[in-house]
Number of protein chains: 2
Amino acid sequence: MKVTINDIARAANVAKSTVSKVLNDAPTISEATKAKVRAIMQEMNYEPSSLATQLARQKGYNIALIIDLSRTGDFLNASFYDIIGGVESVIGPRGYELTISNMQHIGRERFVSRFAIGRKADGLIMDNSILTPELARELNERNFPYIVIGEYPGVPANQCVDIDNARGSVMLVEHLLAQGYQSPAFVGGESGEPLYETRLEGFRQSLDSVRDEFIRPGYANEANGRRLTRELLKETERPDAIVCMSNLVAYGVLQELQEQGIAVPEEMGIATFDNIPLAPYTTPPLTCVDMDTFALGAAAGNMLMARLEESAVEEVQAPSWVKPRLVARRSTERQA
Amino acid sequence: MKVTINDIARAANVAKSTVSKVLNDAPTISEATKAKVRAIMQEMNYEPSSLATQLARQKGYNIALIIDLSRTGDFLNASFYDIIGGVESVIGPRGYELTISNMQHIGRERFVSRFAIGRKADGLIMDNSILTPELARELNERNFPYIVIGEYPGVPANQCVDIDNARGSVMLVEHLLAQGYQSPAFVGGESGEPLYETRLEGFRQSLDSVRDEFIRPGYANEANGRRLTRELLKETERPDAIVCMSNLVAYGVLQELQEQGIAVPEEMGIATFDNIPLAPYTTPPLTCVDMDTFALGAAAGNMLMARLEESAVEEVQAPSWVKPRLVARRSTERQA
DNA sequence: TTGAAAGCGATACCAC
DNA sequence: GTGGTATCGCTTTCAA
């Protein structure tokens, strides 16, 4: 049925070990033999069994990306394709494959044994929302290569990648200041949520001082964008720009300002995290920091490759912070 | 180092074949032995090597989803997570894994041999944009299990899944008619593009007659939404509703109508394909047909499983058309 | 019920 | 340069 290395060996009248060497282009084999064997492989339409190769080599060349489909609205959701693309772009050329594993079907208990012990994968990539302290500990104990998207307590710094969210805030604020705005507010996001805290911290850092009333947390949706803006406008001291936790928030903010007859960008600037497809089409178009999720995936892939292909043990290095990209649009256009 | 089936056999003082049988819960093994062996496996933290199992069984339990990262703006892009989720939800419980393979790293020539001959995967799922006539032919010749998202000439009907786009048009039009609109136009989409043709056909079918001027094709973006609407409004005979090829088109249409002072939904209804996150938040919110991409993935998974686990050869059945979901919002709210 | 031995399809070491 | 053979870790007859 299927043609194996033995068939080739027989047909070429050489030992199977020779065929194997030809397969791997070993320098000890004469060009003549190589040519002969290759011709036969071609002719017989031979393709080595990856399973057998992997078993013999004791290496699967397989990276697993763990997701949890039981939870919806996962961070990964929107940018999944980009992240996968990023990971693929670095592991693919090195001969690794990417497999998607759903935690739902694994079960947290069997998780470590499946992967770390069963060596179903050579390395793991996962979102920090999937990790638990025990999981991290077990993985660490076994010294199993894994990379976490986002920081997580107990995970070594050189195994974390993340978008530099604090930096995103800084970029947004610096852009606003450069445009002549002076007192931005921060709208949306829930206290305690790490993403929010990080962004808020960056926001605070890039300003000399921030009035407490200018920080308006709330679940990041359109309704809250509107409501929080309404509240903000009631203050005696008003901000002259608003940094938003997400496009949805920004959209709410924009609508509320329009209804109240406040001109954007003249009277109030709007700058926001994320860059969904509609952002360029609002009136005015929204200034965003674009989270480069492809780069994020690529960074994760790189870290993992470094870990897997290190010959010597590498010294611990910093986590990989992917720099966001500022997309300036009309909602903050007020050249001084 | 790693504990194998031999270690267990030795420790339990049984043959390795016995351990194997315990692993697979064979009925010929006494409960007593099973218990004993299992205890030892537990204790020694044993996990079978999937590689070895797969080689022995000659089956990898692996489904590959082929993508082409070299082309951007792929259809998959936006709904990738959902599609993967759908596929996973049906193959995961059956013990299959999903691996993502980038065509870019494979090369069209090596493609068939890699997968079909090398049996890297037991089955393939791919977008029709990736297929070529030769590829389809080769896969067919080798009788290799594959499912295509979207139709493709030469691919058997029972290997295709797609969103029922014609049906989507019908749903949109029927909704409009039910709301009292009488002469809808169709805006956006490029002639020749299969997706457009299918939707347009559904549109035409659900109406007694359509004026030619009411069909306004054009690359589906916001700018064209505006432009085409402008043109539409210049006609002596105006439509009273607009079906849009995409949310972006709809957004353009909406803006143009607003600028021209035409009331939505009173004077003109808007209904559109797709349902991006911002659709509920436009003013007024947009009526959409939501393409259920999770169901699409699930359908693909089901077809493949049927193909892989069929005992007898199955008779050819129809392709799987996933029904879209109508989300009625204010942009078409004009109860008669 | 259990065990021994022959695969599965490659790799790798060591002679020749 | 090339060939023989053990090995990777599990499954699967076939005997006992």
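Within every chain, numbering begins at 1; the chains are lettered A, B, ... in the order of the sequence lines, protein sequences first and strands thereafter.
- A donor-acceptor pair shorter than 3.5 Å can be found between the side chains of A/Asn102 and B/Glu88.
- Projected onto DNA chain C by closest heavy-atom contact, B/Ala52 and A/Leu23 fall at different nucleotides, the more 5' of which corresponds to B/Ala52.
- Across all strands shown, A/Val19 has no heavy atoms under 4.0 Å from either base or sugar-phosphate atoms.
- Here the C1' atom of nucleotide D/dT13 and the NZ atom of B/Lys16 are 14 Å apart, to the nearest Å.
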Checklist entry - Do B/Val322 and B/Asp164 pass the side-chain contact (heavy atoms from CB on, under 4.5 Å) test, and can you show the C-alpha distance, the side-chain angles, and the key distance before you say yes or no? => result CA-CA 5 Å; B/Val322 177; B/Asp164 193 341; over 6 Å; no

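- Note on A/Ser50: nothing from the nucleic acid sits closer than 4.0 angstrom, heavy atoms only.
- Contact annotation: B/Gln54 does not reach the phosphate of D/dG9 (side-chain N/O to OP1 or OP2, under 4.0 Å).
- Looking at heavy atoms from C-beta onward, B/Tyr81 lies out of side-chain contact with B/Thr293 at the 4.5 angstrom threshold.
- DNA chain C is contacted by both B/Val14 and A/Leu55; B/Val14 maps to the nucleotide lying nearer its 5′ end (nearest heavy atom per residue).
- In this entry the distance linking CE of B/Met41 with C1' of D/dC10 reads 13 Å, nearest Å.
- Looking at heavy atoms from C-beta onward, A/Met41 lies in side-chain contact with A/Leu23 at the 4.5 angstrom threshold.
- Nearest heavy atoms, B/Leu98 versus B/Ala64: CD2-C, 4.4 Å.
- Each end of the helix from C/dT1-D/dA16 to C/dC16-D/dG1 gets its own rotation axis from five pairs of C1' atoms, and the angle between them is 40° to the nearest 10 degrees.
- In this structure, the nucleotide among D/dT11, D/dT12, D/dC8 sitting nearest to the side chain of B/Ser17 is D/dT12.
- The CD atom of B/Glu47 sits 10 Å away from the P atom of D/dC10 (whole-angstrom rounding).
- The number of heavy-atom neighbours closer than 6.0 Å to CD of A/Glu141, taken from other residues, nucleotides and ligands shown, is above 12.
- At most 12 heavy atoms of other shown residues, nucleotides or ligands fall within 6.0 angstrom of atom NZ in B/Lys323.
- The phosphate of D/dC10 (OP1 or OP2) has no side-chain N or O of B/Ser20 nearer than 4.0 angstrom.
- Classification of B/Asp7 and B/Lys16 as a salt-bridged pair fails, no side-chain N sitting under 4.0 Å from a carboxylate O.
- One atom, CD1 of B/Ile5, and another, P of D/dT12, lie 11 Å apart when rounded to the nearest Å.
- Counting only N and O atoms by type, the side chains of B/Lys2 and B/Tyr46 include no donor and acceptor under 3.5 Å apart.
- Between B/Arg57 atom CZ and D/dT12 atom P there is a gap of 6 Å when expressed in whole angstrom units.
- When only modelled atom types and interatomic distance are considered, A/Ser30 and A/Thr33 share a side-chain donor-acceptor pair under 3.5 Å.
- Remark: the A/Thr28 side chain and the D/dG1 base include no donor-acceptor N/O pair separated by less than 3.5 Å.
- Among the nucleotides D/dT2, D/dG3, D/dC8, the one closest to the side chain of A/Lys21 is D/dG3.
- Among the heavy atoms of the strands, none lies under 4.0 Å from A/Asn6.
- Once you apply a 4.0 Å limit to the heavy atoms of chain B, the touched nucleotides of DNA chain C run 5' to 3' over C/dT1 to C/dG9.
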